[in-house]
2 protein chains.
Amino acid sequence: MTRWEPGARERLNGAALELYARKGFEETTVAEISQAAGLTERTFFRYFADKREVLFAGSELLEQQFVDGAAAAPNDATPIEVVRSAVGASAVFFPDERREYSRLRATIIDANPPLQERELRKMSTLAAALTTALRARGIPESVATLAAQSGVTVFRVSFAQWIAPGSTRPMAHIQRDVFAELGALTGATTAH
Amino acid sequence: MTRWEPGARERLNGAALELYARKGFEETTVAEISQAAGLTERTFFRYFADKREVLFAGSELLEQQFVDGAAAAPNDATPIEVVRSAVGASAVFFPDERREYSRLRATIIDANPPLQERELRKMSTLAAALTTALRARGIPESVATLAAQSGVTVFRVSFAQWIAPGSTRPMAHIQRDVFAELGALTGATTAH
DNA sequence: CTATCTATGTCAGTTACTGACATCACTCTA
DNA sequence: TAGAGTGATGTCAGTAACTGACATAGATAG
C-alpha cells in the first residue's frame, strides 16, 4: 500500500532467497522478486547491481574483517602468521546461529554456475585485499599472493566443513585444523 | 558469399578477439562479431555458449593435461609431488611463441570483471579435476582440496610472471621457482 | 539424381539491465 | 503552515544477450 514502507532492501533480499530456493535461480525472474517484495523491477536494480548480487551483499564486511585481522598481527609475524590472523578474525561472522542460513545459501549457489562465478569473484577480491595487506608489510609480490591465496583456500575449505551435514564444531576450531593440514602439505616442521 | 566457408569457429574466435581488444568487451556486440566473421548471431551461439566463452574455448585441453600430469607421478608420490607433476605438465601449452597472444588475451580479461569471473570458474574447474585425481590416490578430501588449490595458485602466479612485461623465462623455470616459494611459505624443510 | 544430413539462416520471443523523467512522501524553513 | 527541496520509488522505452522452432542451402551417399 504505502510507498515508503521501510526495509526495501531486506524485503528484496528475503524474497529473492525464498524464490531462488523454491523455484531455482534461473527460473526466478527479477520481476517476480520485486513483486513479492511489493516493489518494481527498477527498484531492485537500484539496490543490487544484478540478479546475482542479491546473494552477496555484505561481503565488504568480511573483507574488512580480513584486513583488520591481518593488521592485528604482530610486526615480526611471518606471512603465514599474518594470514592466520586474518582468516581467524573472520570467524566471528560465522556463529552457530548462522549455520542454517549459510547452508541454504550454499545450496542455492552450488546449484547455479553463474552464482558460483560471482562467489569466486568475491573470494578473489578477498585474496586481493589480503595480498595488499601483506605487501604493505614489505612482503614481496609473489609470496604475498601465494600466502593470501592459501589463506582464502583455508577459509573456503573451513567454511565447507562448517556447513557440512551434521557438522557442529565452531568455525575457529575447524580453521585451526585446516591450517595445520596446510602446513603438513609442504612438509613444514613448525608445529605451532 | 558462400555459405559453407570452412573454419567458422576460428573466424568467430578471431573476430571476437580483435573486436574485444579494439573496442572493449562490453562495447562489442555479438551481432558485430558474427558479421565480422561473415555469419549470423545465431551461429555464434551455436559455437559458443555465451559471449564470454569465446575467450575460453580449449580449456578442457589444459584440464586434461593437468590430469595426465597427475597420473604420471609415481605411486608413492606425496600430494604436493603429484601436484607438481600436474602443473609441470601444463607447461607444454605455453611455449614462447604463445606469450604475445597470452598477453593480449590477459589484457582483455583483466579489463572486464565478467571475463574475470569466467576465468576464475575455469580455474576452479581445473582445481576440481586435480582434486579428483588426488582423491583417486587415496588422499583425503581436505588435503586433496588444499593441495589442488595450491597447485592452481602456483599455476596462476607462474602464468602472471610468464606474461609480465619483459619476461622471457620459460614457463617451466618459473613454475619451479614459484613452487619453491610455496614451500618456503609454511617453513618446509624438504628442499624438493 | 534423389534422399538425406548438417551447418547455417530467419524469426519471434523472453529477460536482464539502463537512462530519462515523473511522482510521491517526508523534512526543513520562512 | 505553505512551499521548496530531497530522496526513494514508479513509469516507460530501449538495448542486447540468449533460446526455441522452423526454413534452407550446400555437401554426401546410394
Side-chain angles (χ1 to χ4, degrees), chain A residues 1-57 108-109 111-119 121-122, chain B residues 1-57 108-109 111-119 121-122:
Chain A
M1 295 297 89
T2 57
R3 226 172 179 179
W4 247 236
E5 194 78 37
R9 183 182 207 100
E10 288 66 29
R11 272 179 294 149
L12 286 168
N13 211 311
L17 194 73
E18 198 273 332
L19 285 166
Y20 289 172
R22 184 155 54 81
K23 305 184 33 178
F25 173 75
E26 304 268 15
E27 292 70 26
T28 300
T29 186
V30 175
E32 289 173 331
I33 300 171
S34 310
Q35 190 178 354
L39 295 165
T40 28
E41 209 175 329
R42 194 66 184 84
T43 299
F44 177 94
F45 286 112
R46 287 209 180 88
Y47 282 101
F48 305 101
D50 58 55
K51 195 184 164 189
R52 305 175 208 167
E53 196 63 18
V54 65
L55 282 180
F56 298 91
I108 296 170
I109 294 172
N112 298 94
L115 293 173
Q116 293 166 31
E117 291 194 357
R118 179 57 49 84
E119 170 132 292
R121 174 162 142 197
K122 296 294 181 180
Chain B
M1 300 297 286
T2 57
R3 224 173 181 177
W4 247 236
E5 193 77 38
R9 183 183 207 99
E10 288 66 29
R11 273 180 293 150
L12 286 168
N13 211 312
L17 194 73
E18 198 272 332
L19 285 166
Y20 290 172
R22 184 157 53 82
K23 306 185 31 177
F25 173 75
E26 305 267 18
E27 292 70 26
T28 301
T29 187
V30 174
E32 289 172 332
I33 300 171
S34 310
Q35 190 178 354
L39 295 165
T40 26
E41 209 175 327
R42 194 65 184 85
T43 299
F44 178 95
F45 287 112
R46 287 209 180 87
Y47 282 101
F48 305 102
D50 58 57
K51 197 185 164 189
R52 304 173 209 169
E53 197 63 17
V54 64
L55 282 180
F56 297 92
I108 297 170
I109 293 172
N112 297 94
L115 292 174
Q116 292 166 33
E117 292 194 356
R118 180 55 50 86
E119 169 132 293
R121 174 163 141 195
K122 296 294 181 179

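Source: prediction; values computed, not measured. So that the names make sense, note that chain A is the first sequence line, chain B the second, and so on, each numbered from 1.
Side-chain nitrogen and oxygen atoms of T29(A) include none within less than 4.0 Å of the OP1 or OP2 phosphate oxygen of dT14(C). Y47(A) has no side-chain polar atom (N or O) that falls below the 4.0 Å cut-off from OP1 or OP2 of dA8(D).
For K51(B), taking side-chain heavy atoms from C-beta onward, the closest of the listed nucleotides dA16(C), dA17(D), dT9(D) is dA17(D). Counting only heavy atoms from C-beta on, R46(A) has its side chain closest to dG10(D) among dC18(D), dT8(C), dG10(D).
With rounding to whole Å, R11(B) atom CZ is found 11 Å from dA7(C) atom C1'.
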Go through the steps for E117(A) and K122(B) under the test salt bridge (charged side-chain N to carboxylate O under 4.0 Å, His left out), then give the verdict.
CA-CA 9 Å; E117(A) 291 194 357; K122(B) 296 294 181 179; over 6 Å; no
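Salt-bridge formation is detected for the pair E18(A)/R22(A): a Lys NZ or Arg NE/NH1/NH2 atom is positioned less than 4.0 Å from an Asp or Glu carboxylate oxygen.
To the nearest 0.5 angstrom, R121(B) atom CZ is 7.5 Å from Q116(A) atom CD.
E32(B) is linked by a salt bridge (Lys or Arg N to Asp or Glu O under 4.0 Å) to K23(B), counting only residues two or more places apart in sequence or in another chain.
Near DNA chain C, meaning a heavy atom under 4.0 Å away, the residues from residues 31-44 of chain A are E41(A), R42(A).
The shortest non-hydrogen separation linking F45(B) to D50(B) is CE2-CA, 4.1 Å.
Open room surrounds CD on Q35(B); 12 or fewer heavy atoms of other groups in view lie less than 6.0 Å from it.
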